[in-house]
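Shown next, in structure tokens, is the structure this report addresses.
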Amino acid sequence: MRLLAIIVLVIFIAAGVVLGALNADLVGYDLAFVQVQLPKGAALLGVLVIGWLLGGLTAWLGVSTRQRRRQPHADKKLPVKP
């Protein structure tokens with residue numbers, strides 16, 4: 001299973017390198033407070049990483065708040081033994 005994960009990771013890294021090489025043109029981005037010039041591939045990769053991090057943070061917050069909400073109810077159901 002670990003070998004399969006490594007193979008998939010290598011495939012995605014290779015695809016990213018190819019994507020970056022094929023999209024090397026500089027593009028200007030105006031983000032209202034800063035203007036930057038980045039290659040298209042780097043901008044796409046950056047947005048992908050930011051989206052992945054925000055999605056992971058959202059999932060983590062959803063699970064942790066659900067667990068915190070259930071925790072007081074679980075404490076009340078358990079009888080206390082001396």
Side-chain angles (χ1 to χ4, degrees):
M1 188 66 163
R2 187 175 184 152
L3 179 63
L4 180 64
I6 291 172
I7 291 172
V8 170
L9 182 64
V10 169
I11 289 171
F12 276 104
I13 289 172
V17 168
V18 170
L19 182 73
L22 293 176
N23 291 301
D25 300 335
L26 286 178
V27 177
Y29 296 96
D30 185 7
L31 304 172
F33 51 89
V34 67
Q35 293 179 354
V36 294
Q37 291 238 349
L38 295 171
K40 286 188 248 180
L44 181 62
L45 181 61
V47 170
L48 178 70
V49 169
I50 290 170
W52 179 72
L53 290 173
L54 289 176
L57 179 66
T58 303
W60 177 73
L61 287 174
V63 169
S64 65
T65 54
R66 190 177 323 133
Q67 285 178 349
R68 255 186 271 138
R69 213 174 325 146
R70 289 182 184 174
Q71 188 65 30
H73 300 296
D75 290 342
K76 292 178 184 177
K77 292 178 184 177
L78 293 174
V80 178
K81 293 183 182 180

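Here the structure is a predicted model, which is why all the values come from computation and not from measurement. Reckoned from all heavy atoms, side chains included, excluding hydrogens, waters and symmetry mates.
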For this session: Taking atom CZ of Phe12 as the centre, report whether more than 12 heavy atoms of other residues, nucleotides or ligands fall under 6.0 Å from it.
Result: no

Exercise. Do Leu31 and Leu38 share a hydrophobic cluster, counting only Ile, Leu, Val, Met, Phe, Trp and Tyr and linking them when any side-chain heavy atoms are less than 4.5 Å apart?
Worked result: yes

Problem set entry | Listed partners of Asp25 passing salt bridge (Lys or Arg N to Asp or Glu O under 4.0 Å), at least two apart | Lys40

Seminar exercise, completed: Given the options Ile6, Ile11, Ile13, Leu9 meets side chain to side chain contact (heavy atoms under 4.5 Å, CB included) only with Ile13

Problem set entry | Same cluster (ILVMFWY, side-chain, under 4.5 Å), Met1 and Ile7 | no

Exercise. Does any non-hydrogen side-chain atom of Pro39 lie less than 4.5 Å from one of Leu26?
Worked result: yes

